[in-house]
Structure formats: C-alpha cells, structure tokens
Amino acid sequence: MVGQDEFWSLAQDLLGDEQAQAPPQEQVPSEQVAYEEQPVQVEATAQRASIGSPGLIVGVVLVGILLLSSLIAVVIWNFSDYDPNDLDGDGVANGLDDCFDGFDEWTSVESLDHDRDGCHDGEEDDDDDNDTVPDDADACPTGGIDWLPTAETDNDADGCHDVMEDTDDDNDNVSDELDAFPLDASEWKDMDGDGVGDNGDAFPEDPSEQLDTDGDGWGDNSDVFPWNGAEWADEDGDGLGDNTDPDDDNDGTLDEDDLHLGKDIGVRIRFERFTLFDAVDWLTDRGDMYFCYSVYNQSDICHHGNGALTVTVGEPEFVGVNASINLDESLRYHWIELSVFDQDPLIDDDVDIHPDEGALRYAVVYDSLALEQNLSFVANGSGDGDAGSLEFSLEPLDYLGMTSFNLYWQFSGEYHSIQIDTTYADYLMYRNMNHAIDWTNAVTYADIIPQYAAFSTPNDVTVMATADKLRADAISKGYTSDIDILRYIYAFVGQIQYAYDLDTTNFSEYPKYPLEMLYDRSGDCEDSSALFISLVEYLGYDAGLMLGMVKATEDDEWGGHAWPVVALDNHEGWSINGVGAKANLTYYFVESTAYYEGSSDIGVNPWYEITDEAFYDVEE
C-alpha cells in the first residue's frame, strides 16, 4: 500500500492542500465475508513521498516529451504547404469544396473556378456556373450563378438566364427583340397581328382567320361547313350548302335563272309629298287622296292610310306612305307604275300625275343591277284631268339581309310607328312551309276553315315581341282598357297595305303566316286575319277566324272573304256567339284588311251582306 500513499502525498503537495482526501475504502474479498453478517473496514493512511521518487520523474519526462513533439509538429506544419482543412490546397475549405480531394496543383480564382465551388473548371468541373446544366449542353457555361433553370427563368433550357443573359429565349435564332413570340421556338412572326404565328396560321395575312380544318381554302370562322371541304357557304341559311343548293338565296328563283345571286331583291317606294293643282270636287278646293302602285302591269295595290290624305289645292302635303315590293329575281328591269286617286262616295277620281297628254299614271323602270341611278322623282300632271304633283323615291332592298324594319300607322289623330326585329332565317322557315289549301271533298267553308286557322301563330317569337311592343305603346299613350288596346292593334294591322296573292307571290291563293305578312309588309284578308288573331291571342284575348261570302253593294258579285272576331263584354256591333264551352261568349267583327280613322271599329261590318259564314275558335 506504500505506492498509493506516495501518490496521494504527491498530489496533496501539488495542490497545496493541508490534507489530501483519504483513498477509497478497500473491499474485503468476497470469499472472506461469505458467512459473516458484519462488513470489515480497513483504514489506510497516506504518507508524503519525497521529491526524488521514481514515479514523479517518469511523469515529468512524459509530459516533456509530449510538449516537445507538439512544438516540433507546429514548426513542421508552419513550414509545410499541407493543410488538413484544405486537402487539395486550392484555397477552398473542405466543407465548401465540392472537389475537396481533387485536382491539387492550383488555387481557386474566378478565371479557373467560375462558380467558386472548389472544382477546377478545366480539369474537374462539368458545370462551371453551377446551374445544373452540364457545360457541354450549356450555351452560357460561365454565365450567371446563384440561380436554377426553370420554365420561367430558362424557357429553352439552354443554361442561359432569360432575363440576365439570354437574347433568344426560345432558341429559334431570332433575337427576342425581333421575335413576335420570344417564348415559342416554332413562331417568330405574325403578319396580320391576330396573335397566331405565321407558321401555324393558315391565313397569315387575314386577322379574322387562322384555321382551315377541311382544307377548302375558307377559314373556319367564315366557313359555314368547316368539316366539309366541298361546301363553305349557305346564303339562305337552309342548311344546304350553296354548291349543292339549286336556289342559294331561297328567293324562289333557281340559281341558273337568278340575276341577283346571294340576294332577295326588292324596292321600297316612298310616297313623300303631294300637291293638288286643280279642284277635284264641287264647291271645295279640298280633296281626299290615296296612292297606288302596280308592278309589271299587275293589279293596283293602294295605300289609303287612315282613309285618305286630305289636301288643299296649291298646298303641298307630306304623304309619309311607304310600300315595299319583292321583285322578280330573273329580271333586271322592273316596270313600276304609280297613280293617285281622289276618294269620293261613289266613284273615285283619277288624278293626273303624268306630264304627257293622254296619260294619267306615272311609270318608272327600275334597274336592279345598276350601281348608280337616279331614284328620286317628281311626277307632274299635264292637265288632262284633275292634275297634281307627286314626289316619290325608290330605295333598293335586300330581304336576305333584313333583320329589322319599321311600320307606320295612324290612330286617334296621331301617327305611330314600331320597329319589327326578326331574322331572314325565320322568315324563310315560314315561306318554305306548305301554303296550299286542300279543297278535296270540301263543300262549305266549315270544311276548310281549320286549314286557314292553322296559319295563326300566337307563339312565334316575332309575333310575341310585336304584341308586347304594341300593348306597351298603347298603354304609354293612355289607351289602357281592353277595347282601346284591341282598337290600337286593329289600326296597326288594318293599315298594312292590302295586296292580292297573285301580285306578291305569283300564286292565286297563298295564305301567309303572320311573320310573312310583317316581313312583306303586305297581305290580303286571310293574312291580316291570321296576324290580328295571333297578336291578340298572345296577349290573352279570345279570338276566332271566320270565312264567308260577302258583297259590298246589292248589285255587287259575291266573293270569298276572311275576317277575325274577338270576344268582348259589354260591347255593341256585328257579332256571333261562340260554340261549345264558349257559347256564352260574344265575338265581334274586325275588318282587318282596312282601318279608316273615324269609321272603322271593332264590331263595325262594312259589307252590304254576308252569307255562308263559318266560325273557328283559334286557341293559343
């Protein structure tokens, strides 16, 4: 135990303590206490060792050796190029060096290590700017650093930052400043400025077209049949391509005979001003004028307006009557004849408006193919009879392109107008329907009246819109009662010009649908009946159609006629009772072919006699 005592004595001297802590108690070997209940402790006493003891000398020597070796290592290290923190000696610490044990005969500078990643650009770095694009695929191998290429920063993935260094972002060999599509390698020019590059634009000089799916030379935007290379146009909108359609504009004239392909030509006659030169009636200098026209020497179509235009000799009066005519497409020159009449109780007088003697009517030839021609006229009478002067003009029409038009009428001393909005396609839809009346096995009007009633269309879009406008217009002018609204609509229908079927359709019997009458601005008795019935039925009134034989005077011949009737309470006039469930309703006469201010009214029957009449209740 002497060795331990010497060690603790030395430790105490070195620490300068008064007394060193006793050593740990020594444990008695286990075999000695196997059968003993009490532990045995042995105390030991530390004693100081002398300075010259062998253990101290050995310790001092070892410490000295350690200090000396460390000093030698430092000296050697200072005089050596070796640095354990920079194994390849390139000046980049191992922790920052991507090639810390790589090429070792160099120092990292920008010219040799562009991205300063510790890898020699020429010897070991295959991505000199550290943009993840290998140098052999990088158009800017020593370009900007501290960025990563994405679709937004490097559109063409060439390793050049689009904003900082790339002057051709899509790599199409056209600089960005000259490239209309700097991010699209397939496009760089847009001649028509439509946003589609010329390489992908089937019509590079047409900004309205880009594609031609069927390759027929017509752009898809204007090609009515973009998937059919044999068709591209449908002038009449009937779904049949013009190359196949024998009547492209559906005007009733085959293309081979049509001088006006792509049009449905017409003309509007504007009766503008009239001056009466001579007295036309005894004891007065006033006259009641109405105006007529005929085309191709057919029957006169007359405009009575609200009855007649009252004029005074020598005083010009504004007429304001218009007439629209659908012309023959197979003809270039169209004979149009105008006439003026003074309305009298028994026989109406012709008014001379022709400058030559022996002629009363004034005729013009309208050239429907001429681009320029005089269309304003003054017809001055020569004095062959009661003379006057009519100022009028012609206006070319194309029914094919007509989508809106105006109608004018007079009611309660005021002039009224309405704009009709529709489409030519709707007009053609009705015109292409069957208009024939089957008289087979028919004996009375009751046998065929359902066929005529079928031409009423209360639910047609244009009819409904027109009815709504008429009712709103009537109410806004103070005509708010049912009878006044019906009178207002009656005046509107009754002042649309009367025209025989043969004069406007080339058919002796051609019942028109209401839209046809509105579009043509003319029709006969069954046409105006269908229009009036359709308008009032849509507005909720109960109307019916009647057919019968009529004559104007006792000596007149009987003729077939159609007229509408409308149910009213507490009214007077010519009427008929309903049938079946509506037998308690009273339907009043409406002479829809004409309305004369001051004499026409619902319930007024202008005919001398009616016979063989038939009634049909038209439901909405």
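For the numbers below, each heavy atom of this structure counts, side chains included, while hydrogens, waters and symmetry mates do not.
For the pair Leu331 and Leu259, the tightest heavy-atom approach, listed with the atom from each and the gap, is C-CD1, 3.7 Å. Heavy-atom minimum distance, Tyr513 versus Ala454: CE2-O, 4.0 Å. Residue Ser389 comes nearest to Phe277 through the heavy atom pair CB-CZ, 3.4 Å, listed as atom of the first residue, atom of the second, then distance. For Asp281 against Gly287, the heavy-atom pair with the smallest separation is OD2-CA, 4.3 Å. Taking all atoms of both residues into account, the shortest heavy-atom contact from Val351 to Asp342 is CG2-N, 4.0 Å. In terms of heavy atoms, Ile420 sits closest to Leu407 at CG1-CD1, 4.2 Å.
Between the side chains of Glu591 and Thr593, at least one donor N or O lies within less than 3.5 Å of an accepting N or O. Side-chain contact, Ser481 with Asp484: a donor N or O sits under 3.5 Å from an acceptor N or O. In this model, a donor atom of one side chain and an acceptor atom of the other lie less than 3.5 Å apart for Ser393 and Glu272. A donor-acceptor pair shorter than 3.5 Å can be found between the side chains of Asp288 and Thr310. A donor-acceptor pair shorter than 3.5 Å cannot be found between the side chains of Ser330 and Asp257. There is no side-chain donor-acceptor pair under 3.5 Å between Asp460 and Tyr538. With no hydrogens or angles considered, a side-chain donor-acceptor pair links Arg521 and Ser324 at under 3.5 Å. Side-chain contact check for His260 and Ser368: at least one donor-acceptor pair (N or O, by modelled atom type) lies under 3.5 Å. Tyr510 and Glu516 form a side-chain donor-acceptor contact under 3.5 Å, judged by distance and modelled atom types alone. Inspection of the Thr440 and Asp438 side chains reveals an N or O donor paired with an N or O acceptor under 3.5 Å.
Partner of Thr462 under the side-chain hydrogen bond (donor to acceptor under 3.5 Å, both in side chains) criterion, chosen from Thr457, Asp426, Thr422: Thr422. Across Lys469, Arg471, Lys477, a single residue satisfies side-chain hydrogen bond (donor to acceptor under 3.5 Å, both in side chains) together with Asp473, and that is Lys477.
Between Lys582 and Asp542 there is a salt bridge, with a side-chain nitrogen of the basic residue lying less than 4.0 Å from a carboxylate oxygen of the acidic one.
Between Tyr366 and Leu375, some side-chain heavy-atom pair lies under the 4.5 Å cut-off. Residues Ile489 and Leu539 have side chains in contact (heavy-atom distance under 4.5 Å, counting atoms from C-beta outward). Between Gln497 and Asp520 the shortest side-chain heavy-atom distance does not fall below 4.5 Å. At least one side-chain heavy atom of Asp234 sits under 4.5 Å from a side-chain heavy atom of Asp242. Side-chain atoms of Leu390 and Leu338, non-hydrogen and from C-beta on, do get closer than 4.5 Å to each other. Looking only at side-chain heavy atoms (C-beta outward), Val311 and Arg286 stay at 4.5 Å or farther from each other. The shortest side-chain heavy-atom distance between Glu231 and Thr244 falls under the 4.5 Å cut-off. Counting only heavy atoms from C-beta outward, the side chains of Ile496 and Leu531 approach each other to under 4.5 Å.
From Met517, atom CE reaches atom OG of Ser534 across 11.5 Å, with rounding to the nearest 0.5 Å. The structure places CG of Asp348 at 9.0 Å from SG of Cys302, a figure rounded to the nearest 0.5 Å. Here the CE-NE2 distance, from Met549 to His561, works out to 11.5 Å after rounding to the nearest 0.5 Å. Summarising the geometry, atom CD1 belonging to Ile485 is positioned 10.5 Å from atom CG belonging to Leu470; distances are rounded to the nearest 0.5 Å. In this structure, Glu526 CD and Ile449 CD1 are separated by 12.0 Å, a value rounded to the nearest 0.5 Å. In this structure, CD in Glu395 is found 4.5 Å from CZ in Arg268, a value given to the nearest 0.5 Å.
Taking the six-membered ring for Trp and thresholds of 30 and 60 degrees, Tyr424 and Tyr427 have ring planes inclined between 30 and 60 degrees apart. Taking the six-membered ring for Trp and thresholds of 30 and 60 degrees, His354 and Tyr362 have ring planes inclined between 30 and 60 degrees apart. Taking the six-membered ring where the residue is Trp, Trp574 and Trp563 present perpendicular rings, their angle passing 60° and hence far from 30°. Note on ring orientation: taking the six-membered ring where Trp is involved, the planes of His435 and Phe455 are tilted (angle from 30° to 60°).
When ring centroids are compared, Phe492 and His416 stay outside the 6.0 Å threshold. A ring-centre distance under 6.0 Å is found for Tyr479 and Phe411. In this structure, the ring of Phe271 has its center no less than 6.0 angstrom from the ring center of Phe392. Proximity of the aromatic rings of Tyr587 and Phe589 is defined here by a centroid distance below 6.0 angstrom, and this criterion is not met.
A donor-acceptor pair is defined here as one N or O able to donate and one able to accept, closer than 3.5 Å; no such pair exists between the side chain of Tyr408 and the backbone of Ile418. Judged purely by atom type and a 3.5 angstrom limit, Asn380 has no side-chain atom pairing as donor or acceptor with the backbone of Pro355.
By the neighbour-count criterion of 12 heavy atoms within 6.0 Å, atom CD of Gln419 is densely surrounded, having more than that number from other residues, nucleotides or ligands. Trp232 CH2: more than 12 foreign heavy atoms inside a 6.0 Å radius. Other residues, nucleotides and ligands contribute over 12 non-hydrogen atoms within 6.0 Å of the CD atom of Glu317. The local environment of CG in Asn441 is sparse, with at most 12 non-hydrogen atoms from other residues, nucleotides or ligands closer than 6.0 Å. For Glu557, the CD atom counts as loosely surrounded, since its 6.0 Å shell holds 12 or fewer non-hydrogen atoms of other residues, nucleotides or ligands.
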inquiry  = Under the criterion ring pair (Phe, Tyr, Trp, His ring centres under 6.0 Å), I'd like the reasoning laid out for Tyr608 against Trp558: C-alpha separation, chi angles, the key distance, then a yes or no.
reply    = CA-CA 10 Å; Tyr608 176 78; Trp558 290 99; 8.5 Å; no

ask   = Hey, mind stepping through Asp482 and Tyr541 against side chain to side chain donor-acceptor pair (under 3.5 Å) and telling me if it holds?
value = CA-CA 9 Å; Asp482 287 340; Tyr541 300 100; 3.0 Å; yes

